[in-house]
Structure formats: C-alpha cells, structure tokens
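Working notes for the structure below.
Worth knowing before you read on, the calculation uses all heavy atoms, side chains too, and leaves out hydrogens, waters and symmetry mates. Predicted model, so just to flag it, every value in this text is computed and none were measured.
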Amino acid sequence: MPTDDSTRYSHFDSLIKRHEAQIEHLCLLRAWGDRSLCDELKQECYISIWQHEHQIPVDLSPRQEARWVYWLCRSAFSRHHYLQRALPWVSLDERMADTVAAEDDSQTSELLDTMASVLTPHECHAMELMLQGYSTSEVARILHIRPPSAYQLRHRIIIKLRNHYNNNNKNNES
C-alpha cells in the first residue's frame with residue numbers, strides 16, 4: 001500500500017472519488033434527509049476511510065472495495081451515534097468562551113481534585129494526561145500499556161467519577 005504522503009493522498013482522493021456517490025447515498029439514508037447531519041456523517045466516513053486507508057488490500061475487485069467502504073461508513077455511523085448519546089454537546093456562546101478558555105479556574109480545579117480522590121494514582125495520572133489533551137492512544141504509549149487497556153482505563157475513570165459525582169449530588173439534595 002502507499003507509503004509516502006503524496007502517494008497516500010492521491011490514493012485516498014481516488015478512493016473517495018470512486019465511492020463518492022455511495023458515501024453520499026449512505027449518509028443521506030442514515031440522516032433521513034437532514035442535510036447538515038448528512039454532511040457531518042460524510043466527514044465521519046472520510047475520516048474513517050483515511051484512518052484505515054493503509055489497510056486496504058491492493059488486489060481488491062471494485063465490488064470488494066465498495067463493500068470495504070460500506071463497512072467503514074457503517075462503522076463511522078455507529079461511532080457517531082455512540083458519541084452523540086454519550087457526550088452532551090453544549091454550544092459555546094460569548095460568555096462561555098471566556099470561562100472555558102480560562103486556565104486558572106480554581107473552582108474547576110478544586111472540583112476535579114475532589115472528584116479524583118476516588119481514583120488510584122495510576123488513574124489520576126491517566127486523567128491528568130487526558131485533561132492535558134492527549135488522545136487515548138497517546139496515553140497508552142506514555143503509560144506503557146496497550147491501547148485497548150487505555151480505553152478500558154478511561155472508561156473506568158469516567159464510571160468512577162460519574163458515580164462519585166452522582167453520590168455527592170444525592171447527599172447534597174438531602
């Protein structure tokens with residue numbers, strides 16, 4: 001498969017051009033005609049194809065290549081659906097932008113320190129890395145663990161923090 005960047009880009013472009021109609025059709029079906037959602041899903045498909053482009057065998061027939069693109073798009077749809085359910089997105093307005101971007105937010109720091117009290121030192125270190133913006137695969141590399149273990153670690157951290165937060169809120173309501 002392509003090794004240098006220019007070859008990879010050209011291979012990706014030709015792959016997208018060959019399957020553009022298929023990707024558009026799949027996204028329109030999944031979005032139920034919602035144009036903005038369709039555009040968002042197309043982006044997810046393109047990202048998925050880009051990430052897995054190096055895995056496509058050279059000797060695929062056009063039909064097999066279309067199936068490969070189909071399954072990558074289905075995977076992207078599932079991931080998008082999961083993220084939409086799992087993460088509540090809040091749009092930023094002018095007032096929020098100042099508070100979110102503030103580096104020295106003592107209330108947030110105190111809350112995170114309080115919440116992190118239920119975590120092990122290993123989990124605290126992983127959480128710090130994630131808060132600094134490291135991806136899960138980068139956290140795995142830094143902590144010398146496998147990426148699936150890093151995903152599990154992240155999941156455990158989130159569950160512990162949610163449970164601790166929910167328990168604190170129940171106690172405060174009483």
Would you call [X] and [Y] a side-chain contact if the rule is heavy atoms closer than 4.5 Å?
X    : Y    : result
C27  : C73  : no
S117 : H164 : yes
Q22  : V69  : yes
E40  : Q43  : no

NE2/H122: more than 12 non-hydrogen atoms of other groups inside 6.0 Å
yes
Please check if the number of heavy atoms outside Y134 that lie under 6.0 Å from its OH is greater than 12.
no
Is there a donor-acceptor pair closer than 3.5 Å between any side-chain N or O of [X] and the backbone N or O of [Y]?
X   : Y   : answer
E44 : F77 : no
Q51 : S48 : no
S10 : S6  : yes

How long is the straight-line distance from [atom2] of [Y] back to [atom1] of [X], given to the nearest 0.5 Å?
X    : Y    : atom1 : atom2 : value
Q152 : T136 : CD    : OG1   : 11.5 Å
R146 : S137 : CZ    : OG    : 14.5 Å
C124 : L129 : SG    : CG    : 11.5 Å
L28  : I23  : CG    : CD1   : 12.5 Å
H19  : S14  : NE2   : OG    : 8.5 Å
E20  : H25  : CD    : NE2   : 14.5 Å

[X] and [Y]: same hydrophobic cluster, using ILVMFWY side-chain contacts below 4.5 Å?
X    : Y    : result
I159 : L131 : no
Y70  : I47  : no
Y151 : I158 : no
L37  : L29  : no
I49  : L60  : yes

Please name the pair of heavy atoms, one in [X] and one in [Y], separated by the smallest distance, quoted to 0.1 Å.
X    : Y    : result
A126 : L143 : CB-CD1, 3.8 Å
L153 : E123 : CD1-CG, 3.6 Å
D59  : Q64  : O-OE1, 4.4 Å
H52  : W68  : O-CZ2, 3.2 Å
C38  : A31  : N-CB, 3.6 Å
M127 : I157 : N-CD1, 4.1 Å

Please lay out, stage by stage, how L119 and L161 fare under the test side chain to side chain contact (heavy atoms under 4.5 Å, CB included).
CA-CA 8 Å; L119 301 177; L161 292 176; 4.2 Å; yes
Between E24 and K42, is the closest basic N to carboxylate O distance under 4.0 Å?
yes
Students often mix this up, so state it plainly: with edges at 30° and 60°, are the rings of W50 and Y9 parallel, tilted or perpendicular?
parallel
Please step through side chain to side chain contact (heavy atoms under 4.5 Å, CB included) for the pair T120 and K160, ending with a clear verdict.
CA-CA 10 Å; T120 66; K160 280 185 176 181; 4.2 Å; yes
Might you work through the side chain to side chain contact (heavy atoms under 4.5 Å, CB included) test for L15 and R18, ending with a clear yes or no?
CA-CA 5 Å; L15 186 65; R18 283 193 302 273; 3.5 Å; yes
